[in-house]
Colleague: 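Before anything else, here's the structure in question.
Sequence lines set the chain letters: A, B, ... in the order given, protein chains first and strands last, and positions in each chain run from 1. Every value quoted in this text rests on a predicted model; they were computed, and no experiment measured them. All heavy atoms count here, side chains included; hydrogens, waters and symmetry mates do not.
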Amino acid sequence: MDGTIHADGTRADDTPNDRLGDTPGDDFWTVAGRRFHSRLIVGTGKYKDLEETAAAITASGAEIVTVAVRRVNLSDPKAPMLQDYVDPKRITYLPNTAGCHTANEAVRTLRLAREAGGWNLVKLEVLGPPPLLYPDMPGTFEAAAALIKDGFEVMVYCADDPLAAKRLEDLGCVAVMPLGAPIGSGLGLQNPAILSMMMEQVKVPFLVDAGVGTASDAAIAMELGCDAVLLNSAIALAKDPVRMARAMRLAVEAGRLAHLAGRMPRRMGADPSSPLTGLIR
Amino acid sequence: MQTCVSLTLNGEHRGFDGPLTVDGLLATLGLDRRKVAVERNESIVLRSSYAETWLASGDAIEIVHFIGGG
């Protein structure tokens, strides 16, 4: 990668709208023509209740949240809904296809999501069987093609496969989002070198979408050069989800700044930090 | 004239007094139409056409909303 930094703060290897800022507010990324300042996308699943969901999202600073589409519980039509706690006018809902195993199911699910809220920016995930829930790439390719044909802007969860990344971009996906480890595993990034190679293959935004377990994992993803990080369980299953949400926000910002700053070279040995001259004798 | 409209609603067989539109069904169920989406026989029902979409016995209806997910 060319790490040259231009006078306006952009790097030669950044997309043109990628700005380095002294404050987080100056830094943004763009997906499908929409601009976001937060580089953390959080899921809304696995929380104790909707109050905790809302508090964690606020603490994370996320501007995009993933949501699932499911049948309404007809026996309790007045039960509180996610929209009552997380305002879709302030936070961009990114409907997912979790639970869909075919292209047809994915298209039906996201057509419903589009009608429920008017969103055409969606997250596609077609998963293989437990216990790994690894991305089913043949199913993912088929569903991505069908969704794009139907007018959706598809952010796609995928395997850590550089060829798949390029193919998804060529199909017209607006973001490529490989796993760092299986969904909900919290194992941290098991594949940083492969992720870096994948990143080189695509021009659309590149996110790590699964495997983050704690704040340092999110920072590593950003230091590698990801445009953003998507996570859910690492916050929702923390002992104190709201505090972990804040930790993730800071980690993503720190990792982003470290990436832009450019890390020092690694060296196999010491190099004194204090001058060797002027010592008293 | 009252008729009975027999639907498969979110996978369950349910009977309703007819004639019935999607609008009428949502009102009968007590659902906020702004927070749900409706599919009839695997085709999306546009919100703008809820009032004109008449349901027939045998229709398969899915009513969904957003819930927490990753």
Colleague: Do you know which of A/Thr66, A/Val72, A/Leu82 has the most heavy-atom pairs under 4.5 Å to chain B?
Modeller: A/Val72
Colleague: Heavy-atom distance under 4.5 Å to chain B: side chain of A/Lys46, backbone, both or neither?
Modeller: neither
Colleague: Quick one: of B/Arg33, B/His65, B/Glu62, who has the most non-hydrogen atom pairs under 4.5 Å with chain A?
Modeller: B/His65
Colleague: Please classify the contact of B/Leu29 with chain A as side chain, backbone, both or neither, using a heavy-atom distance under 4.5 Å.
Modeller: both
Colleague: Among B/Gly30, B/Gly11, B/Gly70, which residue forms the greatest number of heavy-atom pairs with chain A at distances under 4.5 Å?
Modeller: B/Gly70
Colleague: So which of A/Asn104, A/Asp84, A/Val67 has the biggest tally of heavy-atom pairs under 4.5 Å with chain B?
Modeller: A/Val67
Colleague: For the interface with chain B, which of A/Arg108, A/Lys78, A/Met81 has the highest count of heavy-atom pairs at distances below 4.5 Å?
Modeller: A/Arg108
Colleague: Side-chain contact, heavy-atom cut-off 4.5 Å: A/Leu189 with A/Leu224?
Modeller: yes
Colleague: Run A/Arg34 and A/Glu153 through side-chain contact (heavy atoms from CB on, under 4.5 Å) and show every step you take.
Modeller: CA-CA 11 Å; A/Arg34 297 158 172 86; A/Glu153 297 183 293; 2.9 Å; yes
Colleague: With a 4.5 angstrom heavy-atom cut-off, could you sort out which part of A/Tyr93 is near chain B: side chain, backbone, both or neither?
Modeller: side chain
Colleague: Under 3.5 Å, is there a donor-acceptor pair between the A/Ser75 and A/Asn73 side chains?
Modeller: yes
Colleague: Does the side-chain contact (heavy atoms from CB on, under 4.5 Å) test come out yes or no for A/Asp150 and A/Arg111, once each step is laid out?
Modeller: CA-CA 9 Å; A/Asp150 204 43; A/Arg111 279 184 181 157; 2.8 Å; yes
Colleague: Does any heavy atom of chain B fall under 4.5 Å from the side chain of A/Asp209, the backbone, both, or neither of them?
Modeller: neither
Colleague: Please classify the contact of A/Leu74 with chain B as side chain, backbone, both or neither, using a heavy-atom distance under 4.5 Å.
Modeller: side chain
Colleague: Below 4.5 Å, heavy atoms only, C-beta onward: do A/Asn232 and A/Thr44 meet side chain to side chain?
Modeller: no
Colleague: Between A/Glu63 (side chain) and A/Ser38 (backbone), is there a donor-acceptor pair under 3.5 Å?
Modeller: yes
Colleague: So for atom CZ, which belongs to A/Arg246, do other residues, nucleotides or ligands contribute more than 12 heavy atoms lying within a distance under 6.0 Å?
Modeller: no
Colleague: When heavy-atom pairs shorter than 4.5 Å are enumerated against chain B, which of A/Gly43, A/Ala98, A/Pro77 gives the highest number?
Modeller: A/Pro77
Colleague: Among A/Leu231, A/Leu187, A/Val208, A/Val212, which residue satisfies the side-chain contact (heavy atoms from CB on, under 4.5 Å) criterion with A/Asp217?
Modeller: A/Val212
